[in-house]
Amino acid sequence: MLYALIWIFVVWHYALRCGFISDDHAVIAQRKDIIPDGEKNPVKKPYWVDVFDQGIILFYLNWLCGKLRIRRFPFTWHLLSLAIHLTNCWLLYLLLTPIIGIDLAIIAVFIWAVNPMLNQNVVWISGRPYTIAVMLCLVAMLNWNNPFIFLPLYALAVVTNISIFFMPVLVKMMHPSWQANFYLISIFLVAAPFVAWKFKMRFSKALVIDRENFKWHKRRINNLVRVYAYYVWTLFVPVRMGWYHQAGFRYNNKWDKFNIWTLCGYIIVFLLIKQGFFGWWFLLGLLPNMNVYVTNSFLQDRYLYFGSMGLAVIIAPLLYHYPMLAIIALTFYGTRAYMFSRQMINDETMYRENWRNHPNSDYAVNNLSFFLIQQKRHDEARVMILRALTFARDNKMLWYNLGVTWVAQGNLGSDEGKFRFLRAVDAWKMCLQIEPRWRKPAEDLEKLITFLIENKVITMNKDESNPNIAQIDIPMLGSLAKS
């Protein structure tokens with residue numbers, strides 16, 4: 001097993017050279033200048049509310065790294081993430097050995113640990129809640145017969161990340177006993193109330209992207225099995241890094257329909273159930289993140305970390321009986337994982353690769369354009385956004401960022417500079433037509449119009465208009481329109 005751990009480290013070692021990417025800048029490095037104001041309403045939380053909302057371990061881990069003045073060094077976090085992943089490999093090996101034997105346990109751990117679809121957990125620092133929760137979960141499962149160890153670890157794990165919510169069910173299937181029955185009760189006493197509270201904090205007071213699908217309906221079962229089929233396919237054929245998939249964050253209504261792909265999903269779920277304990281491990285390990293009710297972050301690689309362990313055990317006997325197939329699979333997965341690590345070395349490399357993988361994903365385009373705006377490369381960003389608007393005209397973020405690119409290059413010294421301001425006005429007006437409740441573009445639009453009125457570029461009074469001063473009407477701005 002030691003040699004396996006060494007090879008797993010070699011596969012993912014490039015993560016140590018990577019920097020902060022995506023949410024890392026705001027969550028880890030605490031850069032206030034790049035937080036998108038439009039999607040989250042900053043709220044001052046009481047101390048203990050903030051502790052439990054972030055997760056006890058993550059909250060104090062961030063606090064400790066801040067005190068040691070190492071919080072803003074990516075290497076520290078990448079080293080920690082890689083160490084946790086290797087620890088999880090060892091813990092999984094200890095858990096599986098009594099159940100399936102040493103040889104199959106090593107193969108299962110190896111094929112799971114180097115799968116490229118774990119990239120968001122191993123390489124992306126903001127994916128650490130999943131790895132930390134799984135580490136606590138595996139230690140708890142190894143000590144299933146001691147409630148004084150199991151219950152505190154389970155509580156900490158659920159507070160860290162809900163992906164291991166159904167762990168007591170797996171323990172019940174693995175070890176039918178009074179302890180397991182007691183742990184099932186803990187789901188309702190400990191986990192369910194916290195998940196309900198976290199749900200309220202996250203989706204009723206903060207981030208809500210997909211309001212139209214923020215509800216349950218029966219046809220979502222079809223969607224659910226198609227997502228299971230999609231994840232099984234990506235684990236077996238990880239040919240491109242997911243990140244923001246073709247559907248992006250957006251719930252895919254087309255997947256609600258029953259068709260050949262839905263039928264394949266039902267067949268796959270049935271076959272997994274027939275596999276017994278490890279099939280249920282895969283199904284229950286993914287279920288908390290399957291967006292049965294909420295539809296934010298519809299498809300994400302990081303959801304696979306815990307559940308994919310079950311699938312790795314299922315295919316381990318096949319690889320054991322066919323060593324050449326095992327060598328081919330491990331070589332393919334290992335090289336792809338290394339390639340994915342290299343693509344995540346910085347924001348631009350990752351976003352461009354993501355855009356190449358998903359050229360028709362408006363979220364992939366928006367991520368890249370937002371990065372270019374932060375780099376003050378407004379012309380490049382505008383080209384990307386205008387291309388995306390040809391197939392995603394209802395994306396409010398694209399319209400908002402388009403306005404940012406225009407206003408950043410506007411000036412009062414020429415007609416072209418003034419026209420750039422007016423194009424920003426048009427873009428932000430379109431943004432507000434799509435989402436009237438979004439405060440950020442409304443505030444920016446009001447500031448820009450006030451600026452243009454004060455400099456006699458535009459007027460909202462038709463009696464004052466002339467060939468050099470355009471008259472505009474924006475009733476959505478309320479008090480400014482009246483003045």
For Ile102, which residues count as a side chain to side chain contact (heavy atoms under 4.5 Å, CB included) partner, sequence neighbours excluded?
Tyr93, Thr97, Ile106

With sequence neighbours excluded, what pairs up with Val11 under the side chain to side chain contact (heavy atoms under 4.5 Å, CB included) test?
Val114, Ala337

In the structure I gave you, are the side-chain heavy atoms of Trp355 and Val365 within less than 4.5 Å of one another anywhere?
yes

Does Phe73 CZ have over 12 foreign heavy atoms under 6.0 Å away?
no

Close side-chain approach of Ile221 to Tyr266, heavy-atom, < 4.5 Å:
yes

So does Phe270 have more than 12 non-hydrogen atoms from other groups sitting under 6.0 Å from CZ?
no

Does the side chain of Asn222 pick up a donor-acceptor pair with the side chain of Lys257 at under 3.5 Å?
no

For Ile164 and Cys137, which heavy atoms make the closest approach, and how far apart are they?
CG2-CB, 3.8 Å

Do the side chains of Leu330 and Trp7 get nearer than 4.5 Å, heavy atoms only?
no

Does NZ or CZ of Arg302 lie under 6.0 Å from the centre of the six-membered ring of Trp124, at an angle within 45° of the ring axis?
no

Grab the two heavy atoms, one from His78 and one from Val123, that are nearest each other, plus how far apart they are.
CE1-O, 2.8 Å

Give, for atom SG of Cys65 and atom CD1 of Ile70, the distance between the pair rounded to the nearest 0.5 Å.
4.0 Å

Interatomic distance, SG@Cys431 vs CG@Asp444, rounded to 0.5 Å, equals 9.5 Å

Are a donor atom and an acceptor atom from the side chains of Ser341 and Trp12 found within less than 3.5 Å of each other?
no

Can a donor-acceptor pair be found, under 3.5 Å and without considering hydrogens, that links the side chain of Thr131 to the backbone of Arg128?
yes

Roughly how far, to the nearest 0.5 Å, is the CD atom of Glu348 from the CG atom of Asn367?
13.0 Å

Neighbour count >12 (heavy atoms, 6.0 Å) for atom OH, Tyr322:
no

Any chance the side chains of Asn366 and Asn395 put a donor and an acceptor closer than 3.5 Å?
no

To check you understand the geometry: which heavy-atom pair defines the closest contact between Ile187 and Pro193, and what is its length?
O-CD, 4.3 Å

Main-chain N/O of Ala364 paired to Ser361 side chain as donor or acceptor, under 3.5 Å:
yes

Enter the distance from Leu283:CG to Leu272:CG here, rounded to the nearest 0.5 Å.
5.0 Å

Are any of the side-chain heavy atoms of Tyr183 and Phe150 separated by less than 4.5 Å?
yes

Can you tell if the side chain of Trp438 reaches within under 4.5 Å of the side chain of Tyr400, non-hydrogen atoms only?
yes

Apply side chain to side chain contact (heavy atoms under 4.5 Å, CB included) to residues Trp261 and Tyr230 and explain how you reach the verdict.
CA-CA 9 Å; Trp261 303 114; Tyr230 175 83; over 6 Å; no

Please report the interatomic distance CE(Met135) to CG(Leu92), rounded to the nearest 0.5 Å.
14.0 Å

Step by step, would you call Met174 with Ile99 a side chain to side chain contact (heavy atoms under 4.5 Å, CB included)?
CA-CA 9 Å; Met174 188 167 49; Ile99 304 174; 3.5 Å; yes

Would the number of heavy atoms belonging to other residues, nucleotides or ligands and lying under 6.0 Å from CH2 of Trp144 be above 12?
yes

Run the side chain to side chain contact (heavy atoms under 4.5 Å, CB included) test on Val134 and Leu91 for me, step by step, so that the C-alpha distance in whole Å, both residues' side-chain angles and the decisive distance to 0.1 Å come before the verdict.
CA-CA 10 Å; Val134 168; Leu91 293 172; over 6 Å; no

Is it true that Glu353 and Arg356 make a salt bridge, defined as a side-chain N closer than 4.0 Å to a carboxylate O?
yes

Please answer whether the main-chain N or O of Thr262 pairs with a side-chain N or O of Asn259 as donor and acceptor at a distance below 3.5 Å.
yes

Tyr338 vs His13 aromatic rings, parallel, tilted or perpendicular, using cut-offs 30° and 60°?
parallel

Would you say the side-chain atoms of Asp347 pair up with the backbone N or O of Phe371, donor to acceptor, closer than 3.5 Å?
no

Donor-acceptor pair, distance only, cut-off 3.5 Å: does the side chain of Thr349 make one with the backbone of Ile345?
no

Indicate yes or no for a side-chain donor-acceptor contact from Tyr154 to the backbone of Phe165 under 3.5 Å, with no hydrogens or angles considered.
yes

Test item: Pro238 and Phe332 side chains (from C-beta on) under 4.5 Å apart, heavy atoms
yes

Roughly how far apart are Leu58 CG and Trp63 CH2, rounded to 0.5 Å?
15.5 Å

4.5 Å side-chain heavy-atom contact, Tyr303 and Tyr130
yes

Take Asn119 and Asp301, measure what side chain to side chain contact (heavy atoms under 4.5 Å, CB included) needs, and give me the verdict at the end.
CA-CA 7 Å; Asn119 64 85; Asp301 299 349; 3.2 Å; yes

Which atom pair, heavy atoms only, marks the closest approach of Pro129 to Asn161?
O-CB, 3.5 Å

Any chance you could lay out the ring pair (Phe, Tyr, Trp, His ring centres under 6.0 Å) test for Trp281 and Phe306, step after step, and finish with the verdict?
CA-CA 8 Å; Trp281 187 324; Phe306 182 53; 5.6 Å; yes

Shortest non-hydrogen pair, Pro74 vs Ile125, comes out as O-CD1, 4.1 Å

Shortest non-hydrogen separation from Arg342 to Tyr14 and the atoms involved
NH1-CE1, 3.4 Å

Would you say the ring centers of His85 and Trp112 fall short of 6.0 Å from each other?
yes

Does some side-chain heavy atom of Tyr305 sit less than 4.5 Å from a side-chain heavy atom of Ser163?
no

